[in-house]
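Worksheet: the structure to be examined is printed underneath.
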Amino acid sequence: MSSLKVESVVTDSFGIEPTLRDDTLSVKLTGTGDMAAAAPLGSYFRTLQAEVIRLSVSAVEFDVRALYFLNSSCLKAFISFICGLAGQGLKCKIQFLTDARLGWQRRSLTALERMSPELVSIADT
Amino acid sequence: MPAPEPSQNASLFLCITFFPSERLANAVLRLVSSFCGMVLDDANVSSRFYMAAHELAENITKYSTGPKVSLELAMEEDESSYILKIRARNEASPERLREVERRLLELKTASDPVKHYDELINETAMIEGVSGLGLARVCAEGGLDVDYKIEGNELTIIAHAPVGRWRADEQLKG
């Protein structure tokens, strides 16, 4: 398997840090997913989708435990990413790691689980 | 845009008028986050109202055609309960007003807000540019009701829900 060709993103209020472990691509999100984060996140997901295809990973794990908020535009970026993978016929699993103490995380992401229950799961830690 | 005034039954009232910039909206939202955390003693309830305020503040900022927008939070006493209301005001283009009214009418007539949100997610999944999910999210995820008013080119969106418990003023001291 080749090395990861997608880099970290760091802004004043938002961060994305990818790592590849075996056949799982882990993406840690930090900060606030607000208006300023929506465009970089959407753009990042387009690159990430190409990486998922190139590396044939079987799972993408989003660690959102250090995320303070996700607005609807950022949620939409997740939706497009998941639907984009499904549209390519990929069976790549998507798992979200949430902080059980931050109830909003599961509440916000549950809509993605309802959208694609066969692909998306949420694990409280 | 006339200056908002608190209703007579408002126990708490916070109104911030600002020019519609992303940086100012973020600063306002930090204040709103503190306000919700201070007033509401349940973190889950607080985060629902904060999410609603965030979505509304971003909407009025993104789509404003006027020089200022306003975001207002008011704890109002009803007959037997307290209701926290978030009012967001801006001036918008006729096209935007028509579009937002269409979305709000769909939302208000939807029998199940969660089903409506899920349908919107599926319909808009591959449409680039705008999410179109914010208002539906306020109802489905936040559990808030949404009302609106259009007067001329001014749009007011009100998201509100009863609050079981809140920290009354004597508890806020110190």
Side-chain angles (χ1 to χ4, degrees), chain A residues 11-14 31-46 49 64 67-88 94 98-120 122 124, chain B residues 20-30 32-33 36-37 42-63 103 112-143:
Chain A
T11 72
D12 287 347
S13 59
F14 185 64
T32 305
D34 58 13
M35 275 188 281
L41 187 64
S43 166
Y44 194 86
F45 279 162
R46 284 188 282 279
Q49 183 177 325
V64 301
L67 205 54
Y68 177 63
F69 182 74
L70 265 181
N71 73 1
S72 56
S73 299
C74 290
L75 277 173
K76 174 71 185 301
F78 277 106
I79 292 162
S80 298
F81 175 71
I82 294 163
C83 290
L85 292 181
Q88 300 271 345
I94 310 289
T98 60
D99 184 335
R101 293 167 300 179
L102 302 175
W104 73 264
Q105 294 184 340
R106 173 173 278 277
R107 204 167 53 236
S108 294
L109 296 168
T110 295
L112 309 186
E113 199 178 32
R114 286 197 305 269
M115 177 186 77
S116 292
E118 69 288 354
L119 295 181
V120 178
I122 303 170
D124 294 327
Chain B
S21 89
E22 196 175 300
R23 284 168 66 91
L24 261 183
N26 286 337
V28 166
L29 284 164
R30 282 195 291 276
V32 169
S33 175
C36 289
D42 180 322
N44 276 320
V45 176
S46 170
S47 63
R48 282 169 42 214
F49 280 98
Y50 174 68
M51 180 275 289
H54 201 119
E55 294 292 351
L56 293 182
E58 289 195 347
N59 266 2
I60 56 176
T61 301
K62 264 194 280 191
Y63 300 111
R103 287 186 189 179
D112 180 345
V114 174
K115 187 165 172 253
H116 178 65
Y117 183 45
D118 289 350
E119 285 168 356
L120 273 183
I121 285 175
N122 286 316
E123 284 167 17
T124 61
M126 298 312 286
I127 299 173
E128 294 217 11
V130 289
S131 92
L133 300 174
L135 294 171
R137 183 188 186 202
V138 167
C139 293
E141 186 187 314

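We use all heavy atoms of the structure for the numbers below, so side chains are in, but hydrogens, waters and symmetry mates are not. All chains are named by letter (A, B, ...) in the order of the sequence lines, taking the proteins before the strands, and each is independently numbered beginning at 1.
Interatomic distance, CH2 of A:W104 versus OH of B:Y50, reported as 9.5 Å (0.5 Å rounding). Atom CG of A:N71 and atom CG of B:N59 lie 10.0 Å apart (nearest 0.5 Å). Rounding to the nearest 0.5 angstrom, the gap separating the OH atom in A:Y68 from the OG atom in B:S33 is 2.5 Å.
Heavy atoms closer than 4.5 Å to chain B are found nowhere in A:F78, neither backbone nor side chain. Residue B:R23: no heavy atom, backbone or side chain, is found under 4.5 Å from chain A. In this structure, chain A has heavy atoms under 4.5 Å from both the backbone and the side chain of B:N44. Contact of A:T110 with chain B is not made at all, since no heavy-atom distance falls under 4.5 Å. Neither the backbone nor the side chain of A:R106 comes within contact range of chain B; no heavy atoms are under 4.5 Å apart. Contacts between A:L75 and chain B at a heavy-atom distance below 4.5 Å involve the side chain alone, from C-beta outward. For chain A, no part of B:A136 is nearby; none of its heavy atoms comes within less than 4.5 Å. A:R114 touches chain B through its side chain: at least one heavy atom from C-beta onward sits under 4.5 Å away, while N, CA, C and O do not.
For the set B:G134, B:A125, B:G142, the count of heavy-atom pairs under 4.5 angstrom toward chain A peaks at B:A125. Chosen from A:G103, A:A36, A:S108, the residue pairing most often with chain B at heavy-atom distances under 4.5 Å is A:S108. The candidate from A:A38, A:A39, A:S73, A:C74 with the greatest count of non-hydrogen atom pairs under 4.5 Å with chain B is A:S73.
Contact between A:R107 and B:S47 at its shortest, heavy atoms only, is NH2-OG, 2.7 Å. When all heavy atoms are compared, the tightest approach of A:M35 to B:E58 is N-OE2, 3.1 Å.
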Residue pair A:D34, B:L29: steps toward the side chain to side chain contact (heavy atoms under 4.5 Å, CB included) verdict: CA-CA 10 Å; A:D34 58 13; B:L29 284 164; over 6 Å; no
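Distance alone, capped at 3.5 Å, is enough to place a donor-acceptor pair between the B:E55 side chain and the A:S72 backbone. Put simply, the side chain of A:K76 gets close to the backbone of B:T124: a donor and an acceptor are under 3.5 Å apart.
Counting heavy atoms from C-beta outward, A:T32 and B:N26 have side chains that stay 4.5 Å or more apart.
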